[in-house]
Amino acid sequence: MKKLCLLGLFVSLASHQVLAATTPVPLENKDAFISDLMKQMTLDEKIGQLRLISIGPEMPRELIRKEIAAGNIGGTFNSITRAENRPMQDAAMRSRLKIPMFFAYDVIHGHRTIFPIPLALASSWDMDAIGQSGRVAAKEAAADSLDITFAPMVDISRDPRWGRSSEGFGEDTYLTSRIAGVMVRAYQGATPSAADSIMASVKHFALYGAVEGGRDYNTVDMSPVKMYQDYLPPYRAAIDAGAGGVMVALNSINGIPATANTWLMNDLLRKDWGFKGLAVSDHGAIFELIKHGVARDGREAAKLAIKAGIDMSMNDTLYGKELPGLLKSGEIEQKDIDNAVREVLAAKYDMGLFKDPYLRIGKAEDDPADTYAESRLHRAEAREVARRSLVLLKNQNETLPLKKDAKVALVGPLAKAPIDMMGSWAAAGRPAQSVTLFDGMSSVIGDKANLIYARGANITSDKKVLGYLNFLNFDAPEVVDDPRPANVLIEEAVKAAKDADVIVAAVGESRGMSHESSSRTDLNIPETQRELIRALKATGKPLVLVLMNGRPLTILEENQSADAILETWFSGTEGGNAIADVLFGDYNPSGKLPVTFPRSVGQIPTYYNHLSIGRPFTPGKPGNYTSQYFDDTTGPLFPFGYGLSYTQFALSDMALSSTTLNATGKLDASVMVKNTGKRDGETVVQLYIQDVTGSMIRPVKELKNFQKIMLKAGEQKVVHFTISEDDLKFYNSQLKYAAEPGKFNVQIGLDSQDVTQQSFELL
Ligand code: NOJ
C-alpha cells in the first residue's frame, strides 16, 4: 500500500487511494469531490494545475520534482516510462493536497509498435483495422504509464503542401469523422479510467489543416458555412465519441488566434457542442498571442487565453506569472481560473487518477526489465493493418505480384530506411525494430542471390534541404547521405537492374519531409531520385515503384514510366513485411486514396467534393471559357477513393428502392458487385450524393457511406446502403442544418470519379 495522505476528503479503502482527514466526500460523486477539493486549494495550487510542461533536457528532473511537490505542475508530456514517471507521481503525493499528475504524449499512430501514419490508416477505409491500431497504441502507452494522448489529429487537409497532411486522415469530412470516432473509442476503450485506456485529446481545434498556402502555422480565413460543413465535423465527431480533451490549434481563424478565440472555445465548443473536457493549448501558443499581434505582452496574452477557456498552458510560464496579478486587478475573475482548474481535475478524475494515481504506473517490481523488449510489441497487428493500408496505383501487364523466384533489383534511398518506415510522430518507436523493405523482401526471397540491392540515389542532392531535414532531428542526422557522386550511385543501380528480372525502386520522401513545419512548394519526388527512375526506365526492365511519402506527390512522369506503382506511405514497424506481402501477392491490395493526387502543384486544391460552378469543365470537351487550366489536363492524376486490386471488380444493377424519399422515410440504394478476376480480394464500395439544386451551391458530390467487402474470385454480392434525410442535411447560409426538398443524385463507385448514378426526389 502506498503512503497515503490527507486531503480533507474521504475516499474508499483500496490501495493507492487519496485519503481524507475530515469531510467525507465520496470519490464516487465526481462534482462534489472536485468542488470540495477546490475549496481547499490555494490560488497558487490552482494555477499550478494549469501548467503542463514538456520533460526535456532543459529542466533538471530534480527541479521538476520539487515543483511538483510544491503543487506547481499539473501534468507533463514527453516523459514516457514508468520508472521516469513514478518519481514524479511520488512527488505529487508529497504535495499538500496530493493531487495526482497526469502524463501525456503524442501517441499518434502507435506507441512502441508503430502503425502506418494516419493518412495511410485512412487509406485502409477499414474501421476495424484502424480501431485495432488505436487500441494497441493505447494499451502500449498505458503500460508505459501514459494517461492521455494528443490525438487523434483530425484536421481536414486539402493542400498537400502542408507537411502535417501525413498526420491527418485526408481531405474528406465524412471519412475523417468516421475515423475520429473510431480512434477516440479505441484510445479510451470502454472508459478512459480503465488501466489500459488513455484519454484522447482531439486536435488541432480548429481548422489547422486549412492554413493558407499549406504553409505551417499560417493564418486561416474561412467562411462560416465552409467551416461548419467541411472542417468542423471531425472534431465534433471525436467529441461526440467522448474525447476527454481538445488541443487548441496554433493558427488564427478569421483574424482571431484559436488560443484567444472565445467564439471557438466557449460559444461553439462548450455551449453549442456541450464539451465538458480539458482544453490544452498547443506548445507555447499563449505566448505566441503576442506574435500574432493580439496581445501587447504576456499579461494580456494570459488574460486572453484564460478568458477564451484555455485550461492548460503547454510549455509556457505565463499563467503562473500573470494570473495572480490579473485576478488582483480584477481583469479576470476567480471563476475564469476555477473553470479551468475544474476541467483539469475532472479530466484527472476521468482518467481514474484520483482513485489510483499509480493506475498506469504500477508497482516498481512489475516494471518491464527491458522497455524495448520485442515481447512488448504487437507485430502481427501492425503487419495486418499496414498491408490493408497500401494502395495500388498502377499495375500494367500484371507486373505485380512478383514471382517469388524472380531475380529482383531493389534500389532507392528508402529500401533500407528503418527510421523512415515509421513516418513522423513515431512516438516511442525504435528504428532498430522496423522491418525495412529490404528486410521484408529478403524474408520472402529465399535465395539471397536473387535480391540485388543498390542505393541508387540519396533522398535529395539539395544540401540546403538536407540540412533542414537533419536540423529537425535533435539526436543524430536522420537522413543518410551517401557521399558518392549521383552518377556513381545510379550506375550501380543500373547494373543491378540489368542483372535482374524486375526492378523495385523505393522512392519518395524521407519522413521529415512530411512533418510539422515541413511545408513544400514542390510535390515532386526529389530530382536526384527522378534521375534514378529515368535511368532505371532506360534499362527496359519492368519497373515497380514503391512510394514512401506522407502526402500526395506529383508523379505524372513516374506514372508514365513505371509499370506498377504501390503507394505505401510510411507503413510502420512492420512496413517492410506488409509491403512484401503485397508485392509477392500474399495479400491482395485493397487500399483506396483518402486524398486526391494532383497532376501538378499548380492545380492545388484538387479535392473531389468541390462546389458546383457556372462554367464547369467537361472532360473530353475542351473549349474556352470553362473552368480549366489551359496548359495541362484538367482533373487529378488519381482521384479520391481510387485504388486497384490484383483482381477486378464490376458494378452493375444499381437501384434505388424508390424515386422519392420523405423526411421520416428511408431509401435503399443497392448495387451488384462482382469479382470478375481470378483472385479473391477486397474492395471499397463508395456512396456519393449530390444535392442538385439548393438554396446554396452544393458540392458536386459528397461521400456519404462506404463498405469494404471481400469477394472470392467469381463471387458477386448486392451491397445495400440506407439513405435517410439526415444524409442530405447541410448548413445553409443561416448556418441552419437541414435538408432541402428537391432532386438528389446518388452515385456508387469504386472511386469518386468512376461512378454509376440514379436520382430521387426529397419530398
Ligand atoms: C506541437 C504540435 O503542434 C502538437 O500537435 C503536439 O501535440 C505538441 N507540439 C506536443 O508535442
Side-chain angles (χ1 to χ4, degrees), residues 51-59 73-80 102-111 117-119 137 141 144 146-157 162-169 180 183-184 187 198-211 214-220 234-235 238 243-253 257-259 277-289 291-292 305 310-316 347 422-429 472-475 511-512 514-519 550:
R51 183 168 169 216
L52 173 64
I53 64 161
S54 170
I55 303 290
E58 63 282 353
M59 224 213 269
I73 299 177
T76 76
F77 64 111
N78 291 337
S79 173
I80 57 163
F102 71 67
F103 303 99
Y105 195 39
D106 289 285
V107 178
I108 309 289
H109 53 108
H111 177 60
I117 57 168
L119 194 58
D144 270 349
L146 296 167
D147 303 304
I148 179 167
T149 175
F150 302 132
M153 191 283 227
V154 301
D155 304 322
I156 294 293
S157 164
W162 192 49
R164 300 194 83 168
S165 302
S166 60
E167 236 184 292
F169 301 109
M183 280 309 253
V184 168
Y187 287 133
I198 54 176
M199 185 174 271
S201 22
V202 60
K203 70 187 184 186
H204 302 84
F205 192 63
L207 323 182
Y208 186 25
V211 283
R215 189 156 49 77
D216 212 359
Y217 317 125
N218 207 355
T219 52
V220 173
Y235 308 106
V246 159
M247 182 186 285
V248 185
L250 291 164
N251 52 279
S252 57
I253 297 172
T259 308
L278 174 70
V280 182
S281 78
D282 202 343
H283 207 281
I286 300 179
F287 180 76
E288 287 172 20
L289 294 177
K291 297 252 175 91
H292 279 290
I310 309 299
D311 300 328
M312 274 193 121
S313 133
M314 181 188 285
N315 249 33
D316 59 35
M422 300 195 304
S424 74
W425 293 107
L472 285 177
N473 190 29
F474 304 111
D475 309 324
R511 68 164 185 170
S514 278
H515 185 58
E516 181 177 348
S517 186
S518 293
S519 300

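First listed ligand is number 1; within each ligand, the first listed atom is number 1.
Atoms of ligand 1 found under 4.0 Å from any heavy atom of Phe77, numbered from 1 in the order shown, are 10 (C), 11 (O). If you number the atoms of ligand 1 from 1 as listed, the ones under 4.0 Å from a heavy atom of Met247 come out as 4 (C), 7 (O). The distance from ligand 1 to the heavy atoms of Phe150 drops below 4.0 Å at these ligand atoms: 7 (O). Remark: ligand 1 atoms within the under-4.0 Å shell around heavy atoms of Lys203 are 4 (C), 5 (O), 6 (C), 7 (O).
Ranking the protein heavy atoms by distance from atom 1 (C) of ligand 1 puts Asp282 OD1, 2.9 Å first.
For ligand 1, none of its N or O atoms has an N or O atom of Trp425 under 3.5 Å away. Polar contact check, His204 against ligand 1: a nitrogen or oxygen pair lies under 3.5 Å apart. The shortest N/O to N/O separation between Tyr208 and ligand 1 does not fall below 3.5 Å.
By the criterion of a heavy-atom distance under 4.0 Å, neither the backbone nor the side chain of Met153 is placed next to ligand 1.
Interatomic distance, CZ of Arg215 versus OG of Ser517, reported as 11.0 Å (0.5 Å rounding).
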Validation: residues 201-209 side-chain donor-acceptor distances under 3.5 Å, sequence neighbours left out:
unit_1	atom_1	unit_2	atom_2	d
Ser201	OG	Thr149	O	2.6
Lys203	NZ	Asp106	OD1	3.1
Lys203	NZ	Phe150	O	2.9
His204	ND1	Asp155	OD2	2.8
Tyr208	OH	Arg164	NH1	3.1
Tyr208	OH	Asp216	OD1	2.7
Tyr208	OH	Asp216	OD2	3.4

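The closest side-chain heavy-atom distance from Glu516 to Trp162 is not below 4.5 Å.
A donor and an acceptor atom, one from each side chain of Thr259 and Ser281, are nowhere located under 3.5 Å apart.
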